Amino acid sequence: MEVIIMKELLEANEKLAEENRAYFSGRHILAVNLMGSPGSGKTTLISALAKELAPISVGVIEGDIASSIDAENLEKQGIRSSQINTCGECHLDSRVIRDGAEKIDLRDAIVFIENVGNLICPAEFDLGENVRLLAASVPEGDDKPFKYVPMFSYADAVVLTKCDLKEAVGFDTENFNKGLRAISQAPVFEVSLKKGQTPAGVKEIADYLRAKYEALPKA
């Protein structure tokens, strides 16, 4: 019985994901599902990418279990944001994405969907996005691709964040890549966004997303 319920839930989600895809396509929006653990640097990455992607408009659908801290901080930086609080749910689903997109009301834009910090559930839910970006931070360890196979195999690209901490935490890049390459050929971008230092690696991710955006059919 539990299997049937899960199947129905995922089928309903898929239907709404297709509707979201049509909505984004009709507005010439590149939707980027940004996933990763709590503290992996997703919000900081969005902030840095918004600056690098200018003059392309950027919006954010912000998913959290509670609070609107990240959305408020992004709004202060001039990034149009809408907040979704899941009140305990560990992921976003297609049902809530449309409401979030309508609230920021953008066209000709890149819209980030900052998913709830979690390396398990988001892999199961198609949101109608164009790109699935996974932020994995160095302090989490180099063994994560071995342990969280669905998330890493689901991602179109992986962003390795906080690379300035590699030596301090003994991060083994070769082992990380070995685990990732066993399940995926997704490109890996290494970034460092340490306060007070020039951001590194952001331009390469922005170029990757800009190319995806420019390849979208005009609405």
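Nothing here was measured: the structure is a model prediction, and the numbers come from that model.
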Set of side-chain hydrogen bond (donor to acceptor under 3.5 Å, both in side chains) partners for Asn175, sequence neighbours left out: Asp142

Should the pair Asp105-Arg27 be classified as a salt bridge under the 4.0 Å nitrogen-to-oxygen rule? yes

Counting C-beta onward and ignoring hydrogens, is there a side-chain heavy-atom pair between Arg107 and Ile29 closer than 4.5 Å? no

Before you tell me yes or no, could you show the steps for Arg21 and Asp126 under salt bridge (charged side-chain N to carboxylate O under 4.0 Å, His left out), namely the whole-Å CA-CA distance, both residues' side-chain angles and the distance that decides it to 0.1 Å? CA-CA 10 Å; Arg21 236 181 298 280; Asp126 182 359; 2.6 Å; yes

How many angstroms lie between atom CZ of Phe24 and atom CD1 of Ile110, to the nearest 0.5 angstrom? 12.5 Å

Interatomic spacing from CG in Leu49 to CG in Leu133 - rounded to 0.5 Å: 8.0 Å

Could you walk me through whether Ser47 and Gln77 pass side-chain hydrogen bond (donor to acceptor under 3.5 Å, both in side chains), step by step? CA-CA 8 Å; Ser47 177; Gln77 297 169 46; 2.3 Å; yes

Atom NZ of Lys203 with >12 non-hydrogen neighbours under 6.0 angstrom: no

Is it true that Glu62 and Ser68 share a donor-acceptor pair across their side chains at a distance under 3.5 Å? no

Checking Phe189 against Asp207 for the side chain to side chain contact (heavy atoms under 4.5 Å, CB included) test, could you report, in this order, the C-alpha distance in whole Å, the side-chain angles of both residues, the deciding distance, and whether it holds? CA-CA 11 Å; Phe189 299 98; Asp207 288 346; over 6 Å; no

Looking at Glu190 and Gly201, would you say the former's side chain and the latter's main chain have a donor-acceptor pair under 3.5 Å? no

May I ask you to test the Glu124-His91 pair for a side-chain heavy-atom distance under 4.5 Å? no

Nearest heavy-atom pair of Ala48 and Leu193: which atoms, and what distance? CB-CD2, 3.9 Å

Contacts table for residues 146-160: side-chain donor-acceptor under 3.5 angstrom, sequence neighbours left out:
residue: Lys147; atom: NZ; partner: Asp143; partner atom: OD2; Å: 3.2
residue: Ser153; atom: OG; partner: Val149; partner atom: O; Å: 2.9
residue: Ser153; atom: OG; partner: Pro150; partner atom: O; Å: 3.0
residue: Tyr154; atom: OH; partner: Phe125; partner atom: O; Å: 3.2
residue: Tyr154; atom: OH; partner: Glu129; partner atom: OE2; Å: 3.3
residue: Tyr154; atom: OH; partner: Arg132; partner atom: NE; Å: 3.2
residue: Asp156; atom: OD2; partner: Arg132; partner atom: N; Å: 2.7

Using side chain to side chain contact (heavy atoms under 4.5 Å, CB included), reason through Ile65 and Asn85 one step at a time and then give a plain yes or no. CA-CA 5 Å; Ile65 290 176; Asn85 287 137; over 6 Å; no

Would you tell me whether Ser192 and Lys162 have side-chain atoms, one donor and one acceptor, within less than 3.5 Å of each other? no

Given the rule in the side-chain hydrogen bond (donor to acceptor under 3.5 Å, both in side chains) test, do Glu114 and Thr43 qualify, once you have shown the distances and angles that lead to the verdict? CA-CA 8 Å; Glu114 184 174 349; Thr43 309; 2.8 Å; yes

May I ask you to decide whether Glu19 forms a salt bridge with Lys15, counting only side-chain N to carboxylate O separations under 4.0 Å? yes

Is the backbone N or O of Glu72 less than 3.5 Å from a side-chain atom of Lys76, with the two atoms forming a donor-acceptor pair by type? no

To the nearest 0.5 Å, tell me how far Ile120 CD1 sits from Ser37 OG. 9.0 Å

Taking all non-hydrogen atoms of both residues, which atom of Ala109 and which atom of Tyr213 are closest, and how far apart? O-CE1, 3.6 Å

Rounded to the nearest 0.5 Å, how far does CG of Asn115 lie from CG of Leu92? 4.0 Å

NZ/NE/NH1/NH2 to OD/OE distance under 4.0 Å, Arg98 and Glu102: yes

State the SG-CG distance between Cys90 and Asn118, to the nearest 0.5 angstrom. 5.0 Å

Might you confirm whether atom CZ of Arg95 has over 12 heavy atoms from other residues, nucleotides or ligands at distances under 6.0 Å? no

Is the shortest side-chain N to carboxylate O distance from Lys103 to Asp99 below 4.0 Å? no

Can you check whether Lys212 reaches Asn130 side chain to side chain, under 4.5 Å on heavy atoms? no

Quick check: closest heavy atoms across Pro122 and Met35, and the distance to 0.1 Å? CB-SD, 4.1 Å

Using 0.5 Å steps for rounding, measure from the CD atom of Gln83 to the CG atom of Asp64. 5.0 Å

For Ala206 versus Leu53, what's the shortest heavy-atom pair and its separation? O-CD2, 3.5 Å

